[in-house]
Amino acid sequence: MKAYKAYCFDLDGTVYKGTEPIPSAVAFIHALQKKGIEPFYITNNARMTQKQVQQKLLKMGICAPEAHILTSAIATAKYISNHYPNATVQMIGGDGLREALLAENITFTSEQPDVLVQGIDLELNYSKIENACYAIQNGADFIATNGDIKFPSEKGFAPGNGSIAELIHNVTGVEPTYIGKPHPHMLAILQQLNGFEKEDMLMIGDNYDTDILAGIGFGIDTLHVNTGVTPTESVLKKDIQPTYCINNLLDWQL
Ligand SMILES: [Mg+2]
């Protein structure tokens, strides 16, 4: 099979399931590292900081440099920094997003922001949503880390960031710019930061509708693994196929 320079892994459902590592993925990552290739990790999760993702991977036996971990929060901060230089920002979100915005020296405000940025916030309340709606009606651009409607928890599906963003969209009539997968912004940022050619990049993921479509939309090769959200039989019915479709990463010859 073709060799790539940038192996871009989704995390949940691809490298691990919740707190459990997926052994075939861990073995594959170790094999890449043995060949001197350090993979990248691309997650829509905006709650965790790079360091928290790094520590989670370390517990599973994966050593990952912080700079190779891209969350939708970091991508959002870089997107704002690129597209809205010197803008003031009002934020709904957790530590991951706050830290990412601070790292880009973005100025926070609680009144008349240029940009309203929204990520998952476990302390969300009515007044935060209300104020976000007012900011957008007063002309702030609306940017959301990701549009995931729901995510699996032990008890069932929990509301994802996209559900809250849709609520604000319903009130204001303004659709957010979503940064996370399936939109190609995260892959574009990774390419920009590292100077890869598109033909040297491979997106690896379990979710056709986010990971694989992000890769296809960005114009790079994609690899679907049958270890998470989208079963292979559903992928095979899609109009646009991933470049490769395998059961798990043990089936990939490096
Ligand atoms: Mg996944």
Side-chain angles (χ1 to χ4, degrees), residues 1-35 37 39-45 53 56-57 60-62 64 68-72 146-158 160-163 178 180-187 190 196 198-254:
M1 280 170 177
K2 186 182 162 182
Y4 297 87
K5 288 181 185 160
Y7 291 80
C8 309
F9 285 83
D10 165 59
L11 286 174
D12 218 344
T14 302
V15 175
Y16 52 67
K17 273 184 183 163
T19 53
E20 289 299 312
I22 297 172
S24 51
V26 177
F28 184 76
I29 289 165
H30 287 162
L32 282 175
Q33 289 172 327
K34 250 192 194 149
K35 284 182 159 263
I37 301 164
F40 292 86
Y41 306 91
I42 300 190
T43 175
N44 271 6
N45 187 329
V53 174
K56 180 166 182 173
L57 289 172
M60 299 174 177
I62 298 168
H68 281 231
I69 297 165
L70 188 60
T71 69
S72 65
N146 66 87
D148 298 14
I149 294 297
K150 58 187 180 178
F151 61 87
S153 80
E154 290 76 14
K155 295 178 195 162
F157 284 107
N161 193 56
S163 294
Y178 286 115
K181 299 171 284 184
H183 302 276
H185 303 294
M186 298 178 78
L187 288 165
L190 192 144
F196 292 120
K198 282 188 181 176
E199 60 260 35
D200 291 327
M201 298 172 72
L202 176 69
M203 180 69 218
I204 304 168
D206 65 299
N207 187 331
Y208 180 88
D209 298 308
T210 55
D211 307 317
I212 302 304
L213 286 184
I216 291 169
F218 187 57
I220 62 172
D221 284 355
T222 53
L223 168 61
H224 177 264
V225 285
N226 193 26
T227 51
V229 170
T230 319
T232 298
E233 59 261 35
S234 307
V235 174
L236 294 175
K237 289 183 194 139
K238 303 281 185 184
D239 285 342
I240 309 176
Q241 288 291 303
T243 318
Y244 315 98
C245 206
I246 61 175
N247 204 29
N248 66 57
L249 286 160
L250 292 178
D251 297 340
W252 183 274
Q253 300 299 319
L254 267 182

Chemist: Any pair with a residue in residues 198-221 that passes ring pair (Phe, Tyr, Trp, His ring centres under 6.0 Å), sequence neighbours left out, goes on the list, sorted by first then second residue, please.
Modeler: none
Chemist: Considering only heavy atoms from C-beta outward, does the side chain of F151 approach that of N44 to under 4.5 Å?
Modeler: no
Chemist: Write out all pairs satisfying side-chain hydrogen bond (donor to acceptor under 3.5 Å, both in side chains) with one or both partners inside residues 13-23, taking only residues at least two apart or from two chains.
Modeler: D10-T14, T14-D206
Chemist: Tell me, please, which residues at least two apart from K34 pass side chain to side chain contact (heavy atoms under 4.5 Å, CB included).
Modeler: none
Chemist: Of all residues at least two apart in sequence or in a different chain, which pass the side chain to side chain contact (heavy atoms under 4.5 Å, CB included) check with I37?
Modeler: Y7, L32, K35
Chemist: Report yes if some heavy atom in the side chain of N226 is under 4.5 Å from a heavy atom in the side chain of N247; otherwise report no.
Modeler: yes
Chemist: Roughly how far apart are L187 CG and C8 SG, rounded to 0.5 Å?
Modeler: 6.0 Å
Chemist: Supply the atom-to-atom distance L223 CG to F28 CZ, rounded to the nearest 0.5 angstrom.
Modeler: 7.0 Å
Chemist: How many angstroms lie between atom CD1 of I42 and atom CZ of F9, to the nearest 0.5 angstrom?
Modeler: 11.0 Å
Chemist: Is there a donor in the side chain of D148 and an acceptor in the side chain of N161, or the other way round, less than 3.5 Å apart?
Modeler: no
Chemist: For L202 and Y244: C-alpha separation, side-chain torsions, deciding distance, then whether side-chain contact (heavy atoms from CB on, under 4.5 Å) applies.
Modeler: CA-CA 10 Å; L202 176 69; Y244 315 98; 4.1 Å; yes
Chemist: I'd like to check the salt bridge (Lys or Arg N to Asp or Glu O under 4.0 Å) partners of K198; sequence neighbours left out, ordered by chain and number.
Modeler: none
Chemist: Compare all side-chain heavy atoms of S163 with those of K150 and state whether any distance is below 4.5 angstrom.
Modeler: no
Chemist: Looking at CD1 of I69 and CG of L57, how far apart are the two atoms once the value is rounded to the nearest 0.5 Å?
Modeler: 5.5 Å
Chemist: Looking only at heavy atoms, which two atoms of T227 and G13 are closest? And how far apart?
Modeler: OG1-O, 2.7 Å
Chemist: Identify, with sequence neighbours excluded, every residue that meets salt bridge (Lys or Arg N to Asp or Glu O under 4.0 Å) alongside D12.
Modeler: none
Chemist: Mind checking salt bridge (Lys or Arg N to Asp or Glu O under 4.0 Å) for K5 and listing every partner two or more places apart, or none if nothing turns up?
Modeler: D200
Chemist: Sequence neighbours left out, what pairs pass salt bridge (charged side-chain N to carboxylate O under 4.0 Å, His left out) with at least one residue falling in residues 225-249?
Modeler: D209-K238
Chemist: Got a sec, which residues hit side chain to side chain donor-acceptor pair (under 3.5 Å) with Q33, two or more places apart in sequence or on another chain?
Modeler: E38
Chemist: Please list, chain by chain and in numerical order, all residues satisfying side chain to side chain contact (heavy atoms under 4.5 Å, CB included) with T222, sequence neighbours excluded.
Modeler: M203, I212, I216, P242, T243
Chemist: Considering residues at least two apart in sequence or located in another chain, which fulfil the side chain to side chain donor-acceptor pair (under 3.5 Å) criterion with D211?
Modeler: K181
Chemist: Starting at CZ of F40, measure out to CG of L190 and round the result to the nearest 0.5 Å.
Modeler: 5.0 Å
Chemist: Sequence neighbours excluded, which residues qualify as side chain to side chain contact (heavy atoms under 4.5 Å, CB included) partners of V26?
Modeler: P21, H30, I62
